[in-house]
Amino acid sequence: QLQLVESGGGLVQPGGSLRLSCTSSTLTLENFAMAWFRQAPGKELEGVSTISRDGNSTKQMDSVLDRFTISRDNAKNTVYLQLDRLKPGDTALYYCAARKTPYPNSWSLLRDWYDDWGQGTQVTVSS
């Protein structure tokens with residue numbers, strides 16, 4: 001049973017924006033470090049962005065620096081990924097991932113560090 005649910009994907013033109021959301025009806029996400037991963041057709045899964053439990057530490061992959069922003073609203077039990085200035089190379093299935101941790105400032109972009117995953121939301125960037 002998938003514990004996380006992503007939404008917000010879609011078709012957008014190059015240069016456009018989307019906001020992805022990740023929430024859970026079973027997990028209290030304030031106890032979890034969170035991350036977004038993506039997988040394009042024929043390519044490996046790659047870590048896009050991660051955020052610590054307390055939201056004070058974040059890390060992005062180099063190719064999305066200054067374009068993507070991860071954030072969280074623990075009161076809404078939701079994590080977001082704001083995608084700006086999208087490029088065709090950003091086309092992929094985007095997954096949310098979570099790991100329960102006692103440390104408020106821990107994070108990772110390594111897929112094997114995470115225990116819970118969503119089903120993914122498709123982002124397609126095309127004119």
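Keep in mind the model is a prediction, meaning the values are calculated, not measured.
A heavy-atom distance below 4.5 Å is not found between the side chains of Ser17 and Leu83. Looking at Pro104 and Ser52, their side chains never come closer than 4.5 Å, going by heavy atoms from C-beta outward. Side chains of Leu27 and Asp116 form a contact here, defined as non-hydrogen atoms less than 4.5 Å apart. Counting only heavy atoms from C-beta outward, the side chains of Phe32 and Asp115 never approach each other to under 4.5 Å. Counting only heavy atoms from C-beta outward, the side chains of Val12 and Thr124 never approach each other to under 4.5 Å. Counting only heavy atoms from C-beta outward, the side chains of Met34 and Cys96 approach each other to under 4.5 Å. No side-chain heavy atom of Cys22 sits under 4.5 Å from any side-chain heavy atom of Tyr95. No side-chain heavy atom of Arg38 sits under 4.5 Å from any side-chain heavy atom of Val123.
When atom types are taken as modelled, the side chain of Arg99 and the backbone of Trp113 share a donor-acceptor pair closer than 3.5 angstrom. In terms of modelled atom types and a separation under 3.5 Å, the side chain of Arg85 and the main chain of Asp66 share a donor-acceptor contact. For Thr78 (side chain) and Thr23 (main-chain N/O), no donor-acceptor pair under 3.5 Å exists by modelled atom type. Side-chain N or O atoms of Ser21 include none that pairs as donor or acceptor with a backbone N or O of Ser7 at under 3.5 Å. Under a 3.5 Å cut-off, the side chain of Ser24 and the backbone N or O of Leu4 do not form any donor-acceptor pair. With Asp73 contributing its side chain and Lys76 its backbone, the two residues share a donor-acceptor pair below 3.5 Å. Of the possible polar contacts, none joining the Thr121 side chain to the Glu6 backbone as a donor-acceptor pair under 3.5 Å is found.
Residues Ala40 and Ala92 come closest through the heavy atom pair N-CB, 3.8 Å. Of all heavy-atom pairs between Ser106 and Ala33, the closest is O-CB, 3.5 Å.
Residues Trp36 and Phe68 place their aromatic rings such that the two centres sit no closer than 6.0 Å.
In the hydrophobic cluster analysis, where Ile, Leu, Val, Met, Phe, Trp and Tyr join through side-chain heavy atoms closer than 4.5 angstrom, Val79 is grouped together with Tyr94. Cluster membership check: Leu109 does not share its hydrophobic cluster with Leu20, using side-chain heavy-atom separations under 4.5 Å among Ile, Leu, Val, Met, Phe, Trp and Tyr. Linking Ile, Leu, Val, Met, Phe, Trp and Tyr whenever their side-chain heavy atoms come within less than 4.5 Å leaves Tyr80 and Ile51 in two separate clusters.
With values rounded to the nearest 0.5 angstrom, Gln39 atom CD is found 9.0 Å from Glu46 atom CD. Put simply, NZ on Lys59 and OG on Ser108 are 11.0 Å apart, with the number rounded to the nearest 0.5 Å.
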Audit row: Leu81, Val48, side chain to side chain contact (heavy atoms under 4.5 Å, CB included) steps and yes/no: CA-CA 10 Å; Leu81 186 66; Val48 177; 4.3 Å; yes
side-chain hydrogen bond (donor to acceptor under 3.5 Å, both in side chains) evaluation trace for Ser127 with Gln13: CA-CA 5 Å; Ser127 54; Gln13 292 187 342; over 6 Å; no
Thr91 vs Gln122, side chain to side chain contact (heavy atoms under 4.5 Å, CB included): CA-CA, chis, key distance, verdict: CA-CA 8 Å; Thr91 295; Gln122 178 67 38; 4.0 Å; yes
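The salt bridge (Lys or Arg N to Asp or Glu O under 4.0 Å) test with Arg67 is passed by exactly one of Asp90, Asp84, Asp62: Asp90.
The aromatic rings of Phe37 and Trp117 lie tilted to each other, with the angle between the two planes from 30° to 60°.
Between Glu30 and Arg53 no salt bridge is recorded (no basic side-chain N to carboxylate O distance below 4.0 Å).
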